[in-house]
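Comments concern the structure below.
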2 protein chains.
Amino acid sequence: MARAAHQTDVSDVSDACLRDFVGYNMKRAFNVVQADLTATLEPMGLRMLTYSALALIVENPGLRPSQLASALSVERANVVVYVDQLEEAGWVTRGTCPQDRRAYALQCTIVGRRVYDKARAAVRAHDRRMLDGLRAVEIAAVNKALARIEGRE
Amino acid sequence: MARAAHQTDVSDVSDACLRDFVGYNMKRAFNVVQADLTATLEPMGLRMLTYSALALIVENPGLRPSQLASALSVERANVVVYVDQLEEAGWVTRGTCPQDRRAYALQCTIVGRRVYDKARAAVRAHDRRMLDGLRAVEIAAVNKALARIEGRE
DNA sequence: TATTGTTATACTCTATAACTATA
DNA sequence: TATAGTTATAGAGTATAACAATA
């Protein structure tokens, strides 16, 4: 790994001032996860958010968009785009909601279910790649800490 | 915390299908961190990335933009905008680089140094808020796991 | 009046391609 | 020929404001 003397050498740049800052560490780790996940889902026509939306619809048939927005922690306005894409792909339908005619009951199609199952397996493999080298206790510690930071539990 | 029966109730939405997926947990926790950090830095005219850039310039006087890009894990093109903003605020200067006239030697100004010190204290307080309730060993476990995911260590 | 889904819009983050001036 | 900084641009994520239909 020789490098020409005139080329940018980043090895002597100190980021110690940022390493004691959890947001910086999380952002950098998440960038790696995001890049691998994007590559994992792209061949199936999904992204992290459309995959997450599809998963929630599959697991919660009849889910309404506003519930989906809450579950994804995003605004209702943004969910419209995700559902549009899933609907255009033929994986999700906007069914009528008899109890509230303002709302829609989101359902996945047979094809949508199949795409989800395939994507889920790929995401599981991605997850194992990301956590490779970490012991079960360490993974549990991370999940606990993330839950605490998120304000759950 | 009473809620009208007709209002969106998200408590019965299951996201178990996503909770065993580290990217989802990281994203949600990072959203919380990001929101708090944005509110923390906004009064000082900084954002996460401009703060990070300022920190690296303060701690590495004479840093060149391409080194800054590597340290921040972003493309050179994006660094231009961050440095523009820090320069317009009067916190950073693009000094000449005698060894390589294509490059700039980034330096912080006296005011920039003062803004950084103030922001650093605010970020430390933010960090304590985020990690509140976690023991030192747990924080160490998170940082170790994040380093592993990021591919460092 | 308040809520649901929607549209329009804007800002941030990130990447790629192409340009210029240097090396 | 390759690199440093820059410009232009595009896509993704996120948020707010305002609207029509419905509660």
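Convention: sequence-line order gives letters A, B, ...; per-chain numbering from 1. Only a predicted model underlies this, so the values are computations on that prediction, with no experimental measurement involved.
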## Note on the structure
Residues in residues 76-94 of chain B with a heavy atom under 4.0 Å of DNA chain D, by number, are B:R76, B:A77, B:V80, B:R94

### Task
Calculate, to the nearest 0.5 Å, the distance between atoms CG and CD belonging to B:L49 and B:Q85 respectively.
10.0 Å

### Message
Tell me the interatomic distance from A:Y104, atom OH, to C:dT4, atom P, rounded to whole angstroms.
### Response
14 Å

### Gap between atoms CG and C1', on B:L49 and C:dC11 respectively (whole Å)
14 Å

## Note on the structure
Of D:dT22, C:dG5, D:dG13, the nucleotide closest to the side chain of A:S66 is C:dG5

### Message
Less than 4.5 Å apart, side chain to side chain, heavy atoms only: is that true for B:L86 and B:L46?
### Response
yes

### Query
Which atom pair, heavy atoms only, marks the closest approach of B:D20 to A:D127?
O-OD2, 3.1 Å

### Task
Give the rounded distance in Å between these two atoms: CD of A:E75 and P of D:dG13.
16 Å

### Query
A:R47 side chain N/O closer than 4.0 Å to the phosphate oxygens (OP1, OP2) of D:dG13?
yes

#### Entry: Protein-nucleotide distance (B:R28, atom CZ; D:dT14, atom P), rounded to Å
11 Å

### Message
Quick check: is B:L56 connected to B:Y104 through a chain of hydrophobic side chains (ILVMFWY, heavy atoms under 4.5 Å apart)?
### Response
no

### Message
What is the distance, to the nearest angstrom, from the CG atom on B:N31 to the P atom on C:dT12?
### Response
17 Å

### Message
At less than 3.5 Å, do the side-chain atoms of B:R102 and the base atoms of D:dT3 form a donor-acceptor pair?
### Response
yes

### Query
How sharply is the helix from C:dT1-D:dA23 to C:dA23-D:dT1 bent, taking the axes over five pairs at either end and rounding to 10 degrees?
0°

### Query
Going hydrophobic residue to hydrophobic residue with side-chain gaps under 4.5 angstrom, can you get from B:V92 over to B:V80?
no

### Message
Closest-nucleotide mapping onto DNA chain D: is A:P98 or A:V74 further toward the 5' terminus? I mean the 5' end.
### Response
A:V74

### Message
With nearest nucleotide decided by heavy atoms, which residue, A:Q34 or B:A103, maps closer to the 5′ end of DNA chain D?
### Response
B:A103

### Query
Do A:Y116 and A:E59 touch side chain to side chain, with heavy atoms closer than 4.5 Å?
yes

### Message
Applying a strict under-4.5 Å side-chain criterion to I, L, V, M, F, W and Y, I'd like to know whether B:I57 and B:M44 cluster together.
### Response
no

### Query
Rounded to the Å, how far apart are A:Q99 CD and D:dT22 P?
16 Å

### Shared hydrophobic cluster for A:L37 and A:V74 (ILVMFWY, side-chain gaps under 4.5 Å)
yes

## Note on the structure
From CZ of A:F30 across to C1' of D:dT14 the rounded distance in Å is 13 Å

#### Entry: Distance in Å, A:N78 CG paired with A:S73 OG, rounded so as to fall on 0.5 Å steps
12.0 Å

### Message
Side-chain heavy atoms nearer than 4.5 Å, only ILVMFWY residues, links allowed to pass through others: does that put B:W91 and B:L41 together?
### Response
yes

### Task
State which of C:dG5, D:dG13, D:dT22 makes the closest approach to the side chain of A:D100.
D:dT22

### Query
Any idea which of C:dG5, D:dG5, D:dT14 is nearest the A:R64 side chain?
C:dG5

### Query
Can a side chain N or O of A:K27 be found less than 4.0 Å away from OP1 or OP2 on C:dT14?
yes

#### Entry: Spacing of A:L68 atom CG relative to C:dG5 atom P, expressed in whole Å
10 Å

